[in-house]
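Order of the sequence lines sets the chain letters (A, B, ...), proteins ahead of strands, with each chain counted from 1. Everything numeric in this text was worked out from a predicted model, so none of it was measured. Below, all heavy atoms of this structure are taken into account, side chains as well, without hydrogens, waters or symmetry copies.
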Amino acid sequence: MGIYDTLNEQQKEAVFCTEGPLLLLAGAGSGKTRVLTHRIAYLIDQGVNPYHIMAITFTNKAAKEMRERVDQLVGYGAEHIWVSTFHSTCVRILRRHIDKLGYGNSFTIYDADDQKSLIKGICKQFKIDTKMMPERSIIREISSAKDEFMTPAEYETRHQYDFNKKKIAEIYREYQKQLKANNALDFDDLLFKTVELFQFHPEVLDYYQERFQYIMVDEYQDTNTIQFQLISMLARKYRNLCVVGDDDQSIYKFRGANIKNILNFENVFSDAQVIKLEQNYRSTKNILNAANEVISNNAGRKEKKLWTENEAGDLIEFHQYGTEYEEAGRIADEIEKLAKEGYEYKNMAVLYRTNAQSRVFEERFMIKNIPYRIVGGTNFYQRKEVKDMICYLKAVGNGMDDLAVRRIINVPRRGIGAATIDKINAYAIENDISFLDACFQAEEITSLGNAKKKIQGFADMIQEFRDQEKQGSLEELFDYILEKTGYVEQLEAEKTEEAEGRIENINELLNKVVTYEQEAEEPSLGELLEEIALVADIDDLDESDNRVVLMTLHSAKGLEFPYVFICGMEDGIFPSYMTIISENDEDMEEERRLCYVGITRAKKKLYLSAAKRRMMQGRTQFNKVSRFIDEIPEELLETGQDFSKKENRIEKDMFSANRRNRFRKPYQAKSFAPPKIDQLSYDVGDQVTHIKFGKGTVTEIVSGGRDFEVTVDFEKCGVKKMFASFAKLKKVEGNQ
DNA sequence: CTCCTTTGTCTTTTT
DNA sequence: GACAAAGGAG
């Protein structure tokens, strides 16, 4: 029995088709990752050197999984395969060669916040009214220009009769200039500059063409123009390009994903083979039928019919609740019920359209002691304190990064204000040096006066950090920065819960630094910063920890769960308000594909829900049930209530004021993480306090596996059972 | 220069 | 309702 015998006919065909261009249309749950991994194994079997194989995935997580699975199949050589995301691939290439484009090889990567500050500065400089032209839309415009591989000059030529766009062309040009001056690239630049590199330096392209003789691209439906450009350049020589995608799961048009890449594939690579994978191994018949029905409402898709041999399974549950609180509560109840029946938390996921919807669930789950993890939202690395520390590291690694230096020059407070910063900046521009270099030359800046000493102190400190970086480990550098700046010290002095949370986050960052240093082959500051810049929230989703996962439908792509709850099935939420008012039918189709993606995440049972009214941006909204619910045949739905699709009415009854307690700490970690507890600081009979329930007496402690189940009799709200690692009970000293 | 209050803007989704 | 940016007092 070979490893290929378990594959079905189409899968085998795809695995054995190794030479030439191949378009693999793989429906949801059709075993596409299996095909990709087996195909890699087969290539190696056929004598292809793993060194010549490249697989591009959508997330780092997918890359890691793929490598592990190939490892299991082939036993050796898997580590030589280049498995990576588009962005990481480009960074690796650019680190080696970007000096050919006039950048320094230790460039930094700017995230969305950095982009925004840069654009903001430019708008100020150009005296552009950001009310007429918001930064967001400028960034979006520049980003899509880059996605289309359009330089500022080309952009200007194309839009020379459009006043606003001509203005944007100017901003775009200046933006690129400043990025370069800061020796920084934004996300789009990573792709853009790599393609540019290949274009102007054929010898570099040739090197990578030789290296990547067999290329595979996952989630091909979500590639944009420049990504297509990149892979077609790489594959031009050997033409062994296998792309895997599903046009029905294309959900990133807003990010420039070009559905034409799938249609065009057969044009650009005219001898391309096309194989369809249509057997679904993931979901029950009912779930799959619902998905098929919904997606059939889209025009303009490649015809395919997903089928499954799985059982029919349960009906899909749909409920319309009164408010979002009720919705979250009922879902939490159901999750609790399933958990009691023995199903594990990690087998359940709550999916929603927008990140803002997570809050209610977070509150609910915390009260009910349901372990959960939220993916996305405000990224850990975007938190103020974390970003501050990263900017210190950036300033050490790349002194040209003005943005980073300016962020930290007065954090913690050193008495350096806006006026001083402006003076330094003027000096830097005048002498054509970086902001940090200007600080080093503070002596020369006559206008500074009293601030001179402060600036010199700052510059000296950065210099000390640099010396430290050269001689010690990253962990030591980090500790040294914390100590020298007194960052944590100052937070400690605040003695607020918020400051405590921030300290926790800084410690968490320190953990990441240490982990990185232990795991990396050749740890370096540059690589650390790069890893931080390129992580997606989904990347550190650990399948083994037993928690309910909460995330957006977008983040859920590529994942599967036995039990899936999709909430907020309301017109105005999902499909979103923006798509409903949109003139463009394609927007609604994309939204529908997102719905299809959501439904097909479920293996065993799908729960859909809506709320009649919900609070949005401080206003109460009354939403109708989502049109997507209407697109699911009634016989597949179990509503269990008097809900009827025909009579989709909203009752405008009284809305009692929302009286939920606000107990949520600011800056709380995005997951309700159970720290490993092997010993409790309290015992039966002790007085303890709980963050939500207040004071109480411990009446029972039961050791259950790796955790303790503690029963507490609270003064205010009675007896509750909870897991020690989640409850974070604190003993009240000195028994009263 | 810093801290605190007030005002205004949000409506997707993210590598 | 939440959060950032701007404005005002010390």
TODO: List the protein contact pattern of nucleotides 5-10 of chain C with one symbol per nucleotide (5' to 3'): B for base contact, S for sugar-phosphate-only contact, - for none; contact means a heavy-atom distance under 4.0 Å.
DONE: S-----
Open item on the list: Measuring from atom CD1 of A/Ile122 to atom CD1 of A/Ile171, what distance do you get when rounded to the nearest 0.5 angstrom?
Closed with: 7.5 Å
For [X], which contact category applies under a 4.0 Å heavy-atom criterion: base, sugar-phosphate, or nothing?
X        : answer
A/Arg619 : nothing
A/Asn410 : sugar-phosphate
A/Ser555 : sugar-phosphate
A/Tyr252 : sugar-phosphate
A/Arg593 : nothing
A/Lys61  : nothing
A/Ser576 : base
A/Ser88  : nothing
A/Ile573 : nothing
A/Phe574 : nothing
A/Gly618 : base
A/Ala112 : nothing

For the residue pair [X] and [Y], would you count it as a cation-pi contact if the rule is NZ or CZ under 6.0 angstrom from the ring centre and within 45 degrees of the ring axis?
X        : Y        : result
A/Arg614 : A/Tyr321 : no
A/Arg414 : A/Phe458 : no
A/Arg67  : A/Trp82  : no

Task: Residue that, paired with A/Asn298, satisfies side-chain hydrogen bond (donor to acceptor under 3.5 Å, both in side chains) out of A/Arg592, A/Glu586, A/Glu590 - done: A/Arg592
Task: Distance, C1' atom - from B/dT12 to C/dA5, rounded to whole angstrom - done: 23 Å
Task: Atom C1', compared across C/dA6 and B/dT11: separation rounded to whole Å - done: 24 Å
Open item on the list: Can you confirm if the aromatic rings of A/Tyr372 and A/Phe361 lie within a centre distance of less than 6.0 Å?
Closed with: no
TODO: Please check if the distance between the ring centroids of A/His554 and A/Tyr352 is under 6.0 Å.
DONE: no
Open item on the list: Need two values: the first and the last nucleotide of DNA chain B, 5' to 3', having an atom under 4.0 Å from any heavy-atom of chain A.
Closed with: B/dC1 to B/dT15
Open item on the list: What is the distance, to the nearest angstrom, from the CG atom on A/Asp113 to the C1' atom on C/dC3?
Closed with: 13 Å
- [ ] State whether a side-chain donor-acceptor pair under 3.5 Å links A/Tyr110 with A/Asp401.
- [x] yes
Open item on the list: Before you tell me yes or no, could you show the steps for A/Arg502 and A/Glu385 under salt bridge (charged side-chain N to carboxylate O under 4.0 Å, His left out), namely the whole-Å CA-CA distance, both residues' side-chain angles and the distance that decides it to 0.1 Å?
Closed with: CA-CA 6 Å; A/Arg502 290 181 188 227; A/Glu385 59 280 10; 3.8 Å; yes
Task: Parallel, tilted or perpendicular, as decided by the 30° and 60° cut-offs, for the rings of A/Tyr252 and A/Phe254 - done: tilted
Open item on the list: A side-chain contact here means heavy atoms from C-beta on lying under 4.5 Å apart; do A/Val91 and A/Ile93 qualify?
Closed with: no
- [ ] Answer whether the closest heavy-atom distance between the side chains of A/Ile374 and A/Glu362 falls below 4.5 Å.
- [x] yes
Task: Of A/Leu594 and A/Thr420, the one whose closest DNA chain B nucleotide lies more 5' - done: A/Thr420
TODO: By nearest nucleotide on DNA chain B, pick out whichever of A/Arg353 and A/Gly417 is the more 5' one.
DONE: A/Gly417
Open item on the list: Show me the dot-bracket string of DNA chain B, counting Watson-Crick or G-U pairs under 3.5 Å, with | for pairs to another strand and [ ] for crossing ones.
Closed with: ||||||||||.....
